[in-house]
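What follows is a short report on a single structure.
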Amino acid sequence: MRAENSAIQSSSIAVAQPVGTLQATPAIRSTAAGPEAVGGPESRPAPGPSAGRSGTVLAGLGVVAFSLTFPATAWGLESFGPWSLVALRSVLAALIAGSVLLAARVPLPDRRHWAGLAVVGGGVVVGFPLLTTLALQTSTTSHAAVVVGLLPLTTAVLGSLRTGERPSRTFWTAALAGAAVVIAFTVQQSGGALASGDLYLFGALLVCAAGYTEGGRLARSMPGWHVVGWALVLCLPLAVAGSLVALPLEPVHLNAHGVLGLVWVAAGSTFLGLYVWYRGMAAIGVARASQLQLAQPLLTLVWSFLLLGEEMSAAAPVAAVAVLVCIAATQRAGRGAAGESRRIRS
């Protein structure tokens, strides 16, 4: 009897193993999940209280890291020219990302993903840092923070166009109101006309939103931090070439502020910030995490006052709060249309 039972158990295990393997195949997971929005892979059960708290902390740390980007860039410009700063920032961030990917033994992405990774790299790794750095040569960080406060909204618009979704009328009403506030603020601050710094900032919004949108699409098939890491590595040859060209042409005056600024935008904003941000989104969901990012413009205004001693105009915090209200309304409308939050893979 024992021998028979043993044989039956062995047979059950042999039969059960292929079934488990079949259920784990990507094709069946995709069929069960159905169509999804940009950046929203298959749904997962709601996290427990402990996972929710840790996810909120991680996403919050990401927002704090992002909010320091403009002040750190202003510090970096004390030692480096704009082109040198962007190139060195990308080189350092790519070396960090490559080391982490190598240590984790992450395999190379599929060939079909490289085009999307190039869009992410062009928007998030090269385009946004370069355009915002050029803008900060003539714009204050507090001014730039308010304009870039439309980044979540811009990403939502491009994501809608990319996926063919139709947000509610409330969404678009709030979106237009936020755009009107930002345009009025920038025109008022520039004396009735858009300055070159504002054009750089609006360009930065578009390229970064495109990078975020494509990164969200790629996050369906690979963890978000893999997307960031491989996009950085993909841009490494261009960043090295840019450094070799820019450094001899632009003066370098090393000081503590300049070095700290460079280190932060490379390690803090570009890599670590995105890493904890994606991990937090995986734990608490895209909708909840996005609400935390609404505090980013106001945090940047605070850092600009504390670290750079900038005098904020009365219009800057008012415009920032107005933009946050409009973006919050779009997020609330989007959640109502979706019905439930989507989860991103860690």
Side-chain angles (χ1 to χ4, degrees), residues 65-98 118 120-148 151 186 189-190 194-208 210-211 228 231-274 300 303-311:
F66 300 151
S67 70
L68 281 162
T69 299
F70 285 170
T73 300
W75 273 7
L77 288 172
E78 294 182 14
S79 294
F80 304 96
W83 296 90
S84 300
L85 179 61
V86 172
L88 291 174
R89 162 186 180 164
S90 299
V91 169
L92 292 178
L95 292 176
I96 295 172
V120 176
V124 179
V125 179
V126 178
F128 184 80
L130 177 60
L131 292 173
T132 53
T133 300
L134 293 173
L136 287 175
Q137 291 189 296
T138 56
S139 300
T140 64
T141 58
S142 57
H143 177 90
V146 175
V147 177
V148 177
L151 180 57
T186 53
Q189 292 291 295
S190 58
L194 292 176
S196 60
D198 297 319
L199 298 179
Y200 285 134
L201 290 172
F202 283 118
L205 285 176
L206 293 176
V207 297
C208 190
V228 175
L232 286 167
V233 171
L234 183 62
C235 294
L236 180 58
L238 178 62
V240 171
S243 300
L244 294 176
V245 172
L247 283 173
L249 299 177
E250 294 181 331
V252 175
H253 306 288
L254 293 180
N255 58 36
H257 279 178
V259 173
L260 286 174
L262 172 61
V263 170
W264 180 258
V265 294
S269 301
T270 306
F271 182 73
L272 291 178
L274 288 170
T300 299
W303 294 128
S304 301
F305 175 75
L306 295 177
L307 299 178
L308 305 177
E310 289 187 357
E311 295 183 2

If we check ring pair (Phe, Tyr, Trp, His ring centres under 6.0 Å) with His257, which of these qualifies: Trp264, Trp75, Phe80?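 So the option named by the test is Trp75.
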Sub-4.5 Å side-chain heavy-atom contact between [X] and [Y]:
{"X": "Thr270", "Y": "Ile96", "answer": "no"}
{"X": "Trp83", "Y": "Leu134", "answer": "yes"}
{"X": "Ser304", "Y": "Phe70", "answer": "no"}
{"X": "Ser90", "Y": "Leu232", "answer": "no"}
{"X": "Pro82", "Y": "Leu130", "answer": "no"}
{"X": "Leu234", "Y": "Val120", "answer": "no"}

Taking [X] for its side chain and [Y] for its backbone only, find out whether a donor-acceptor pair lies under 3.5 Å.
{"X": "Glu310", "Y": "Thr141", "result": "yes"}
{"X": "Ser79", "Y": "His253", "result": "yes"}
{"X": "Thr132", "Y": "Pro129", "result": "yes"}

Taking all heavy atoms of [X] and all of [Y], pick out the closest pair and write down the distance.
{"X": "Leu131", "Y": "Ala204", "answer": "CD1-N, 3.5 Å"}
{"X": "Val124", "Y": "Cys208", "answer": "CG2-O, 4.2 Å"}
{"X": "Trp303", "Y": "Ser67", "answer": "NE1-OG, 2.9 Å"}
{"X": "Ser243", "Y": "Val91", "answer": "OG-CG2, 3.7 Å"}
{"X": "Leu85", "Y": "Thr73", "answer": "CD2-O, 3.8 Å"}
{"X": "Ala144", "Y": "Leu201", "answer": "CA-CD1, 3.7 Å"}

